[in-house]
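Okay, so here's the structure we're looking at.
So you know, we letter chains A, B, ... as the sequences are listed, proteins then strands, and number each from 1.
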Amino acid sequence: MVTPNIRSLLASKEPVQDVTVQGWVRTRRDSKACTFIELNDGSCLRGLQVVADNSLACAELYPKILTGASVRVTGDLVTSPGGKQAFEVLAKNVEIIGESDGTYVLQKKGHTPEFLRSISHLRPRTNLLGSVFRVRSRMAFAIHKFFQEQDFFYVHTPIITSSDCEGAGEMFRVTTLPQGSAAKPEEDFFGKPTFLTVSGQLQGEVFACALSKIYTFGPTFRAENSNTARHAAEFWMIEPEMAFYDLEADMGLAEANVKYLLKSLFETCGEELEFFNKFVDTGLIARLQHTLDKPFQRVSYTDAVDLLLKSGRKFEYPVEWGQNLQSEHERFLAEEHFQSPVTVFNYPRSLKPFYMRQNDDGRTVAAMDVLVPGIGEIIGGSQREERLDLLEQAMAAHGLSEENYRWYADLRRFGTVPHAGFGMGFERFLMFATGVSNIRDVIPFARTPGHAEF
RNA sequence: UCCUGAGUAGCUCAGCGGUAGAGCGGGUGGCUGUUAACCACUAGGUCGUAGGUUCGAACCCUACCUCAGGAGCCA
């Protein structure tokens with residue numbers, strides 16, 4: 001039996017006879033002649049009010065209908081005399097599918113995100129996490145739409161890899177050898193050391209140099225001991241890679257991508273946005289609207305350093321050409337100076353990985369980072385070095401073996417083309433889109449140092 | 001990994017050297033087309049763990065554990 005979800009019932013234009021609805025009880029209130037059940041099935045933020053008269057045969061069950069119980073209700077969808085909802089279901093029968101008892105920890109009062117993290121198996125039933133995960137699903141779909149509408153092909157790059165996307169971070173080892181084994185890597189399952197991927201970029205380049213425009217969208221793993229609200233050991237990344245794109249075109253695509261997603265967010269997640277704006281971050285909708293309406297600011301790394309030096313601001317870390325921009329510097333640029341997302345480009349060569357394209361000045365590479373207020377870096381990308389001789393020099397300078405990266409150099413050896421791409425952290429984007437300030441609350445089951453529950 | 005702060009009832013918190021508290025949630029009763037319903041009663045706690053100081057410690061000190069915020073690394 002398939003029953004209509006609450007979302008579709010609440011969208012009804014008129015009363016409907018004989019409906020069956022199923023869901024979980026958020027709360028029950030007794031009245032003299034009837035009981036009121038607030039029913040939610042996760043199909044939307046709002047719940048459906050069920051009114052069950054005490055004269056029904058099922059009335060003896062009412063005391064057992066506690067918060068968290070699952071019930072099946074048959075009745076009529078009628079206009080509600082109460083002020084807080086247009087429709088309600090006047091029950092003819094209420095059936096308990098699964099009971100709940102007084103030990104069910106979710107109350108109708110607010111819970112802290114920290115407590116909800118300790119019950120990851122129940123937290124999707126809350127308004128906050130339910131909203132986050134509905135948004136997550138719709139944004140994932142919008143990402144595919146954005147790229148597919150522009151003739152990008154979705155490529156499934158490997159999860160297990162033997163190549164290190166240098167500069168992306170520490171890797172998790174994948175092995176079938178017993179713990180503490182002294183066996184050589186040649187004796188391992190794959191005959192060589194293998195790892196969980198830190199990026200699909202290098203393999204993405206293979207396909208961009210064949211299908212022209214591709215994207216990957218999948219899980220990524222970093223074994224960094226990072227303990228912050230913005231890092232997870234397992235996260236999802238969107239990585240487009242485009243042949244015949246230069247850095248300018250790359251930056252343009254990154255901006256268009258973010259704006260497309262925000263437009264889709266406003267169109268498909270209105271209720272959730274209102275909820276976040278009310279309970280999570282009161283400046284959220286205004287900030288997203290501003291991001292959508294205004295062009296992203298662009299500034300070269302060199303100009304950004306000048307801006308920081310001339311700001312008259314005292315920073316904890318000194319600003320110096322050739323040094324990484326620190327969090328406080330990025331925050332100053334995005335939150336105070338530009339007060340909007342800002343794309344910083346042309347970073348010092350010494351700060352970046354081997355595959356980024358060297359600029360004519362000899363000291364910078366065609367790299368770019370998109371910084372957004374409140375989160376910091378949300379996108380990192382570059383034009384790739386397409387000139388074989390320069391790529392080989394860079395590999396040598398980074399101490400990479402020619403043999404391991406021969407396949408990568410082959411892309412330049414045979415029909416090389418200018419190409420570029422970027423990576424966007426999906427969870428970072430969701431934090432920006434929802435105002436939720438901890439990455440652990442925008443991913444269903446967070447993996448962070450010391451934590452891999454479920 | 002470093003710095004800072006916090007751990008008291010199922011949840012959110014008050015108490016900060018002298019008998020362990022409230023609201024919500026649970027139970028019982030009442031009232032009521034209610035909507036974070038309301039009213040009364042009630043059950044529920046080795047005050048994170050282990051040491052120490054003190055006549056006396058939830059409170060002061062030390063170590064450890066856990067969590068949070070910030071930093072580094074990055075997406």
Residue pairs passing the side chain to side chain donor-acceptor pair (under 3.5 Å) test where at least one lies in residues 248-259 of chain A, sequence neighbours excluded: E248(A)-R298(A), E255(A)-K259(A)
Output the rounded distance in Å from [atom1] ([X]) to [atom2] ([N]).
{"X": "L122(A)", "N": "rC11(B)", "atom1": "CG", "atom2": "C1'", "answer": "13 Å"}
{"X": "D53(A)", "N": "rG33(B)", "atom1": "CG", "atom2": "P", "answer": "12 Å"}
{"X": "E114(A)", "N": "rA68(B)", "atom1": "CD", "atom2": "P", "answer": "6 Å"}
{"X": "E170(A)", "N": "rU1(B)", "atom1": "CD", "atom2": "P", "answer": "14 Å"}
{"X": "R123(A)", "N": "rC11(B)", "atom1": "CZ", "atom2": "P", "answer": "17 Å"}
{"X": "M431(A)", "N": "rC74(B)", "atom1": "CE", "atom2": "P", "answer": "18 Å"}
{"X": "L371(A)", "N": "rC74(B)", "atom1": "CG", "atom2": "C1'", "answer": "12 Å"}
{"X": "R230(A)", "N": "rG69(B)", "atom1": "CZ", "atom2": "P", "answer": "10 Å"}

Inter-nucleotide [atom1] distance ([N], [M]), Å rounded:
{"N": "rU35(B)", "M": "rA40(B)", "atom1": "C1'", "result": "22 Å"}
{"N": "rG10(B)", "M": "rC61(B)", "atom1": "C1'", "result": "32 Å"}
{"N": "rA22(B)", "M": "rG29(B)", "atom1": "C1'", "result": "22 Å"}
{"N": "rA36(B)", "M": "rC24(B)", "atom1": "P", "result": "14 Å"}

Please tell me whether F153(A) and Y215(A) form a close aromatic pair, meaning their ring centres lie under 6.0 Å apart. no
Using ring centroids (six-membered ring only for Trp), state whether H329(A) and F315(A) fall under 6.0 Å. yes
Can you find a donor-acceptor N/O pair under 3.5 angstrom joining the side chain of [X] to the base of [N]?
{"X": "E88(A)", "N": "rG33(B)", "result": "yes"}
{"X": "R222(A)", "N": "rA75(B)", "result": "yes"}
{"X": "R440(A)", "N": "rC67(B)", "result": "no"}
{"X": "S226(A)", "N": "rC74(B)", "result": "no"}

So what does [X] touch, heavy atoms closer than 4.0 Å: a base, only the sugar-phosphate, or nothing?
{"X": "T67(A)", "answer": "nothing"}
{"X": "L325(A)", "answer": "nothing"}
{"X": "H111(A)", "answer": "sugar-phosphate"}
{"X": "L106(A)", "answer": "nothing"}
{"X": "Y317(A)", "answer": "sugar-phosphate"}
{"X": "R117(A)", "answer": "sugar-phosphate"}
{"X": "M424(A)", "answer": "nothing"}

Will you find, in the side chains of S199(A) and E239(A), an N or O donor that is under 3.5 Å from an N or O acceptor? yes
Quick one about R134(A) and S137(A) (side-chain donor to acceptor, distance below 3.5 Å, no hydrogens or angles considered), yes or no? no
Any idea if rU46(B) is syn or anti, going by the 90°-from-0 cut? syn
Look at the side-chain N and O atoms of [X] and state whether any lies under 4.0 Å from the OP1 or OP2 oxygen of [N].
{"X": "Q326(A)", "N": "rG72(B)", "value": "yes"}
{"X": "K84(A)", "N": "rA36(B)", "value": "yes"}
{"X": "T103(A)", "N": "rG10(B)", "value": "no"}

For the side chain of [X], counting heavy atoms from C-beta on, which of [options] is nearest?
{"X": "Q85(A)", "options": "rC73(B), rG69(B), rU35(B)", "value": "rU35(B)"}
{"X": "H451(A)", "options": "rG33(B), rU12(B), rC67(B)", "value": "rC67(B)"}
{"X": "N438(A)", "options": "rG10(B), rG72(B), rG69(B)", "value": "rG69(B)"}
{"X": "L90(A)", "options": "rA75(B), rU12(B), rG33(B)", "value": "rG33(B)"}
{"X": "N227(A)", "options": "rA75(B), rU34(B), rU1(B)", "value": "rU1(B)"}

Ring centres within less than 5.5 Å and planes less than 30° apart: is that true of F235(A) and rA75(B) in this structure? yes
Using Watson-Crick or G-U wobble geometry with both distances under 3.5 Å, which nucleotide pairs with [N]?
{"N": "rC74(B)", "answer": "none"}
{"N": "rU32(B)", "answer": "none"}
{"N": "rU12(B)", "answer": "rA22(B)"}
{"N": "rG17(B)", "answer": "none"}
{"N": "rG51(B)", "answer": "rC61(B)"}
{"N": "rU4(B)", "answer": "rA68(B)"}
{"N": "rG45(B)", "answer": "none"}

Which of these passes side-chain contact (heavy atoms from CB on, under 4.5 Å) with L129(A): L122(A), V436(A), V442(A), L116(A)? L116(A)
5' precedence on RNA chain B between W236(A) and E328(A) (nearest-nucleotide basis): E328(A)
Under a 4.0 Å heavy-atom cutoff, the residues of residues 22-51 of chain A touching RNA chain B are T27(A), R29(A), D30(A), S31(A), K32(A), F36(A), Q49(A), V51(A)
Salt bridge (charged side-chain N to carboxylate O under 4.0 Å, His left out) involving K263(A) - partner list, sequence neighbours excluded: E267(A)
Polar side-chain atom of D53(A) near backbone of L56(A) as donor-acceptor pair, under 3.5 Å: no
Would you confirm whether H451(A), through its side chain, and R447(A), through its main-chain N or O, come within 3.5 Å as a donor-acceptor pair? no
Dump the intermediate steps for ring-ring contact (aromatic ring centres under 6.0 Å, His included) on Y154(A) and H156(A), then the final yes or no. CA-CA 7 Å; Y154(A) 180 30; H156(A) 299 108; 4.4 Å; yes
Once rounded to the nearest 0.5 Å, what's the spacing between atom CD1 of I378(A) and atom CZ of F422(A)? 10.5 Å
